[in-house]
Amino acid sequence: MSHAEFLPFARPDITEAEIDAVARAMRSGWVTTGPETKAFEQEFAAYLGGGLQAIAVNSATAGLHLALEAMGIGPGDEVIAPTLTFTATVEVARYLGADARLVDVDPITLNIDPARIESAITPRTKAILPVHYGGLACGMDAIFTIARRHGVQVLEDAAHALPSSAGGTLVGQLPSAAAVFSFYANKTMTTGEGGMVVTKNEALAARMRVMRLHGISRDAFDRFSSRTPAWYYEIVAPGFKYNMTDMAGALGRVQLARLPAFLRRRQQLAARYLHELKDLPLLLPADAPQGDTHAWHLFVIRLRGDAKVTRDEVIQHLSDAGIGTSVHYVPLHRQPYWQGRYGLTPEQFPEAELAYQRMLSLPLFTAMSDDEQTRVITALKACVR
């Protein structure tokens, strides 16, 4: 089978507009953090509705780390997160000497189960890290109620959630300490690698900006673009190297402008999957409640108990047909590091474990054609009927 015939699980939607924007940034002579990144931050905050501080970073992982550090999370503290996520959600707590308390997920939404959050809170708990799985926002009202009752902070892992909403409010505008978005290659928009932290807390934003670039007390762009001597700087903390380049910022600005069209296409593709696959022995992903938006970063199906094939057989069948799939995720309680550190067993996470055994993610990306989606539907029906 030729490379041209293979349908990948994901493919970035890059046009000449993005290529031209990156080329302009390169020709400008300013390729690290500069005017494009600053404009991207401003436009991103405005897209979410204003009143926000937006801090561009080189990955969502970096953003989560910066946010937890600014929130004061450190040795001896605990953060609560779902087991059904990528390791980045909680590895950042370990960077700071804190520990992760992993909990199970809701069997319908696959988002963190608020009841499990409540039972996992200890005197060491300092933050809850809900993950908006697949683009479906968590039940944030319940999570905020728990957080207020116990005096803990909320940091949203919004890597999948642009643009998702909860209770009619866009993720990023909710009353959490901060939310962190990802612009990795397969996300709803991309900068190749990159992310954005948003917060309404000016003190948190100021701390994250300082720590984003080595703990320098001044903006590096301002120092190097000043028309008067401005060489002096001070290191006020042992910071990190998490800044976004202007080439990535330029790419992000074009992608952000296309985001409404991206969302419409993802909604079209998801609606067709939901319609075409409804009579198969599958559990299809939950849609957002009435009035809210599902970003449809992922389309995760699960085989029902009456299916006559296994998950791995379906993946192999689709692969043989030239169709790429993925699994989101191998739960953290199955990963050697987390399993060994906390003595985790599958029996502690029955919903995530059952979902993992039966789940796979189908191709869903904005550059996907109707004919390509037909290939996926036809191959899947041939396998599971």
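Predicted, not measured: the structure shown is a model, and the values here were computed from it. Heavy-atom basis, side chains included; hydrogens, waters and symmetry copies ignored.
- For Arg101 (side chain) and Ala120 (main-chain N/O), a donor-acceptor pair under 3.5 Å exists by modelled atom type.
- Under the 4.5 Å side-chain criterion, counting only non-hydrogen atoms from C-beta, Thr15 is in contact with Arg258.
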Can Arg212 and Glu41 be said to form a salt bridge (charged side-chain N to carboxylate O under 4.0 Å, His left out), step by step? CA-CA 14 Å; Arg212 173 178 61 176; Glu41 290 175 333; 2.8 Å; yes
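- Side chains of Phe262 and Thr188 form no contact here, defined as non-hydrogen atoms less than 4.5 Å apart.
- Hydrophobic clustering of Ile, Leu, Val, Met, Phe, Trp and Tyr side chains at less than 4.5 Å, counting indirect connections, unites Leu155 with Ile55.
- Remark: the His65 side chain and the Glu91 side chain contain no N/O donor-acceptor pair separated by less than 3.5 Å.
- The side-chain heavy atoms of His317 and Asp320, taken from C-beta on, include no pair separated by under 4.5 Å.
- Clustering ILVMFWY residues whenever any of their side-chain heavy atoms sit less than 4.5 angstrom apart, transitively, puts Met208 in a cluster other than the one holding Phe40.
- Taking the six-membered ring where the residue is Trp, Tyr133 and Tyr329 present perpendicular rings, their angle passing 60° and hence far from 30°.
- Annotation: side chain of Gln53 is not in contact with side chain of Lys200 (no heavy-atom distance under 4.5 Å).
- In this structure Gln268 satisfies the side-chain contact (heavy atoms from CB on, under 4.5 Å) test together with Arg265, sequence neighbours excluded.
- The main-chain N or O of Lys126 is never found under 3.5 Å from a side-chain atom of Asp77 such that the two would form a donor-acceptor pair.
- The closest side-chain heavy-atom distance from Phe44 to Phe183 is below 4.5 Å.
- Counting only distance, with no hydrogens or angles, the side chain of Thr33 and the backbone of Thr245 share no donor-acceptor pair below 3.5 Å.
- Side-chain N or O atoms of Lys381 include none that pairs as donor or acceptor with a backbone N or O of Thr378 at under 3.5 Å.
- Counting heavy atoms from C-beta on, the side chains of Asp113 and Val103 never come closer than 4.5 Å.
- Aromatic pair Phe9/His328: centroids less than 6.0 angstrom apart.
- Taking the ring centre of Tyr356 as origin, the terminal cationic atom of Arg311 falls inside the region bounded by 6.0 Å and 45° from the ring axis.
- At least one side-chain heavy atom of Leu362 sits less than 4.5 Å from a side-chain heavy atom of Tyr273.
- Taking 4.0 Å as the cut-off between side-chain N and carboxylate O, Arg94 and Asp99 count as a salt-bridged pair.
- Exactly one residue among Asn186, Leu298, Leu269, Val300 makes a side chain to side chain contact (heavy atoms under 4.5 Å, CB included) with Leu364. That residue is Leu269.
- When all heavy atoms of His333 and Ala352 are compared, the closest pair comes out as CE1-CB, 4.3 Å.
- Side-chain atoms of Lys187 never come within 3.5 Å of backbone atoms of Ala159 as a donor-acceptor pair (strictly under, hydrogens ignored).
- Of the possible donor and acceptor atoms, one in the side chain of Ser217 sits under 3.5 Å from a partner among the backbone N and O of Glu234.
- In terms of modelled atom types and a separation under 3.5 Å, the side chain of Gln255 and the main chain of Thr191 share no donor-acceptor contact.
- Note on Ile73 and Ile121: separate hydrophobic clusters, where clusters join Ile, Leu, Val, Met, Phe, Trp and Tyr whose side-chain heavy atoms are under 4.5 Å apart, directly or indirectly.
- Annotation: salt bridge (Lys or Arg N to Asp or Glu O under 4.0 Å) contacts involving residues 245-256, sequence neighbours excluded, comprise Glu36-Arg253, Glu43-Arg253.
- You'll find the side chain of Tyr47 reaches within 4.5 Å of the side chain of Leu256, heavy atoms only.
- Judged by distance alone, the side chain of Thr374 and the main-chain N or O of Asp370 form a donor-acceptor pair under 3.5 Å.
- A salt bridge links Glu372 to Arg11: one of the charged nitrogens lies within less than 4.0 Å of a carboxylate oxygen.
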Give the intermediate values and the outcome of side chain to side chain donor-acceptor pair (under 3.5 Å) for residues Gln335 and Thr87. CA-CA 9 Å; Gln335 298 292 354; Thr87 189; over 6 Å; no
